[in-house]
Structure formats: structure tokens, C-alpha cells
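One structure is given below, encoded as C-alpha cells.
FYI, side chains are in, hydrogens and waters are out, and symmetry mates aren't considered; it's all heavy atoms of this structure.
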Amino acid sequence: MRAAVVTEFGEPSVIRIQEWPDPVPADGQVLVEVEVADMIFVETAIRRGLHGGFFDVKPPYVPGSRFGGRVRATGPGVPETWVGKTVIGRGVDFGAHAELVLATVDTLTEVPDGLNLETVVAVSGDGFTTLLLEQLAPDLQGKDVLITASAGGMGLLLIQLAHRAGAHVIAAARGQAKLDLSKAQGADVVIDYSEPGWEKAVLEATGNRGADVVFEGAGGELGATAFGVVKDGGWFSAHGAPSGGFAAYDPADAERRGITVKGIADLRVDIISTPVTDALVLQRAAAGDLVPVVDRVFNLDQVAEAHTAIEQRALLGKALIRVR
């Protein structure tokens, strides 16, 4: 099969299209013909050799986690009735940026008739985390809610969710095009966080009270600044790291101020304890509650180009990989 292969850790140029052995499904696994695969920022960090504590992967490897496609074959213990079904799922040890991918059957969700597969793949990963945060966060109605990295795939879904919940939505992103897109998705106030002192604009938008809830998707210094504008007794999620790391904060300061913080490790634990499923994500997408914004669909030969576009912050919304 043809696959995008990360041959070594490094720049996007380390990704090469190669012939790769066809995977064979083991016990509890299926083999899927990939049609569309998701592409998210964290994959660029993994390619550079970062986040080793969270993702145990070494080159050469095939990147890509979430995918949509048709089941070609089943392994031992999996009913053959899965063959031919159109599904979304997560690859075993990544592997979705290829013509064929392995997945365990318990990660598969059959795609209902009438849903476009690109839309389903675009909403599946970001939508899952969005609904997880919806479960964990306090009631948003009437609250000042700050969303950073607001024009990314997940940021736009969070804007939609907070807007529908009746929040006063403050969206922070970089550049006018991203601010305009955030506004179009339901943000009440948009702030360019490339401008010095942007946190003062956040405080002004909250009547100098500070944000009740912060969905922090930018990370790095931007994330640390966002933590500084949470009101005492507020709620803060540090789920994004495109700036090079997750938002830094002082746990002692958070405790003193009564701020509830959900870091990435906390979210991993919460995934097990909350009732969010891929099927629920698809239900909410079908109902129009989650509407993904896809900027570009790259083909398999352009995976390196997709990595570059994401790292250069050149996209408005999501990127997808079209395999077939």
C-alpha cells in the first residue's frame, strides 16, 4: 500500500510517500480502506519528536489517527458482518495517513446514512474533545467565556457550543481573517492576541471581572496569559499546545484563587468517566450542534504540505487528508 511515512523526527520534509507493507488484522482488529483522515496540530509536534511522554512512537511510522473508510477485512474474533461497512475510527499506533489502516473494533463507529464522510471525519476528533469539555465545564449560560486559538478546528466548535449555550463568547486568535471567521461562528467579541496587552481587552470585555470559563487551545505564553484573566473561582482548560507546550500555570495560585484547572492529563482520565462517545458526536453533528469548518483537503501526496500549512498557521479551520 501507499503511505505517508515519517522517516525521522524533523521538519515536514521528513515525510515521504512510500510503499509500506499491507497490515494484517490481529485478534479484535479490522482492516479499513481509508478514504479520509483527520489532521491535527499535535501530529506536527509528534513528527518533530515532541510529546514523547504522551505518545510512544518512533520513526519510521505512518502518522494519522482518526479516519473514515470502508472495512475490508476482519481479524479473529470480529464478526464478518463488519466487512463493507463505512466507519470512522482510530488507527492502532496511528497509521491513518495510508491506503490501509488497522483499528480495534471497539474504536469503530458506523457512519449513518446521509452524513458526508469528510464532515464526519472533520468533526469526530475535535467534536469528541469539545463535548468532553462541555460535560466538564460549568453551565455556560450568561457566563463570560474566553476561547483561544478560536479559528482552529476545535476552537470554532467551542464557539458554536458556547454561543448556543447562551454564553458571552470572547474569541482570541491571530489576524483579521481568523477574527472574522470566529465572529461568523458566534463570537460576541474578537481579540487579536498578536497585539501587545491583548489580555486587557479580555478584561474590558468582561467588565474587568475576568473570564468565568477559559477554553485554552493556544498553549505557551499565550496560554499563561489567558490563565491570568480567569476570575477567582473560575474554570480553565489547558487542552492545546500549538505554541510549543501546554499553558503554564502555578497550581498553588490556582488553588489560592479557587480556579478549577483541567490539564491534558486530567482530560485523559475524564475521557473514561464521562459519557461522551463517537456516536454522540455524530448525533450532535447530524442535529447541527457541531458544524466543522474545513479549510483545505490535501491528498495523500500532500501530507508534508498539510503539516507545513498547520505549522505556519495558514489555515482557517481544519485540514483533512483525502486518501481515495
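Between W235 and F215, the ring-plane angle classifies as perpendicular under the 30° and 60° cut-offs. Ring-plane geometry between W198 and Y193 is classed as perpendicular, the angle between the planes exceeding 60 degrees on a 0 to 90 degree scale with a lower cut at 30.
For the pair L300 and V303, the tightest heavy-atom approach, listed with the atom from each and the gap, is O-CG2, 3.3 Å. For the pair L282 and P112, the tightest heavy-atom approach, listed with the atom from each and the gap, is CD1-CD, 3.8 Å.
Taking the side chain as every heavy atom from C-beta outward, V169 and L140 never approach each other to under 4.5 Å. Side chains of I310 and L315 form a contact here, defined as non-hydrogen atoms less than 4.5 Å apart. In this structure, the side chains of T7 and Q18 come closer than 4.5 Å at one or more pairs of heavy atoms. Side-chain atoms of I17 and R2, non-hydrogen and from C-beta on, do get closer than 4.5 Å to each other. In this structure the side chain of M154 reaches within 4.5 angstrom of the side chain of L133, judged on heavy atoms. Contact check for E33 versus L100: side-chain heavy atoms found under the 4.5 Å cut-off.
A donor-acceptor pair under 3.5 Å links the side-chain atoms of R324 to the main chain of E99, judged by distance alone. Distance alone, capped at 3.5 Å, is enough to place a donor-acceptor pair between the T44 side chain and the F41 backbone. Checking side-chain atoms of K318 against main-chain N and O of G152 turns up no donor-acceptor pair under 3.5 Å. Between the side chain of Q185 and the main chain of A187, no donor-acceptor pair closer than 3.5 Å is present.
A single hydrophobic cluster is not seen to contain both V62 and V24; linkage of ILVMFWY side chains at heavy-atom distances under 4.5 Å, directly or through other members, places them apart. Neither F67 nor W20 shares a network with the other; the hydrophobic side chains, linked directly or stepwise wherever heavy atoms of I, L, V, M, F, W or Y lie under 4.5 Å apart, form separate groups for each.
Applying side chain to side chain contact (heavy atoms under 4.5 Å, CB included) to V120 and the options V87, T109, L115 leaves one that passes, L115. When the options E11, E43, E8, E311 are evaluated for a salt bridge (Lys or Arg N to Asp or Glu O under 4.0 Å) with R48, the one that passes is E311. Of the residues listed (V101, T86, L102, I88), the one engaging V32 in a side chain to side chain contact (heavy atoms under 4.5 Å, CB included) is V101, and it is the only one.
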Run R256 and D250 through salt bridge (Lys or Arg N to Asp or Glu O under 4.0 Å) and show every step you take. CA-CA 10 Å; R256 178 181 60 79; D250 182 354; over 6 Å; no
Start with the C-alpha distance between T74 and E80, add both sets of side-chain angles, then the distance that settles side-chain hydrogen bond (donor to acceptor under 3.5 Å, both in side chains), and finish with yes or no. CA-CA 6 Å; T74 60; E80 292 187 2; 5.2 Å; no
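A salt bridge links D278 with R90; the closest basic N to acidic carboxylate O contact falls under 4.0 Å. A salt bridge links D289 with R284: the distance from a Lys NZ or Arg NE/NH1/NH2 to an Asp or Glu carboxylate oxygen falls below 4.0 Å.
For the atom pair OG of S65 and NE2 of H97, the computed distance is 8.5 Å after rounding to the nearest 0.5 Å.
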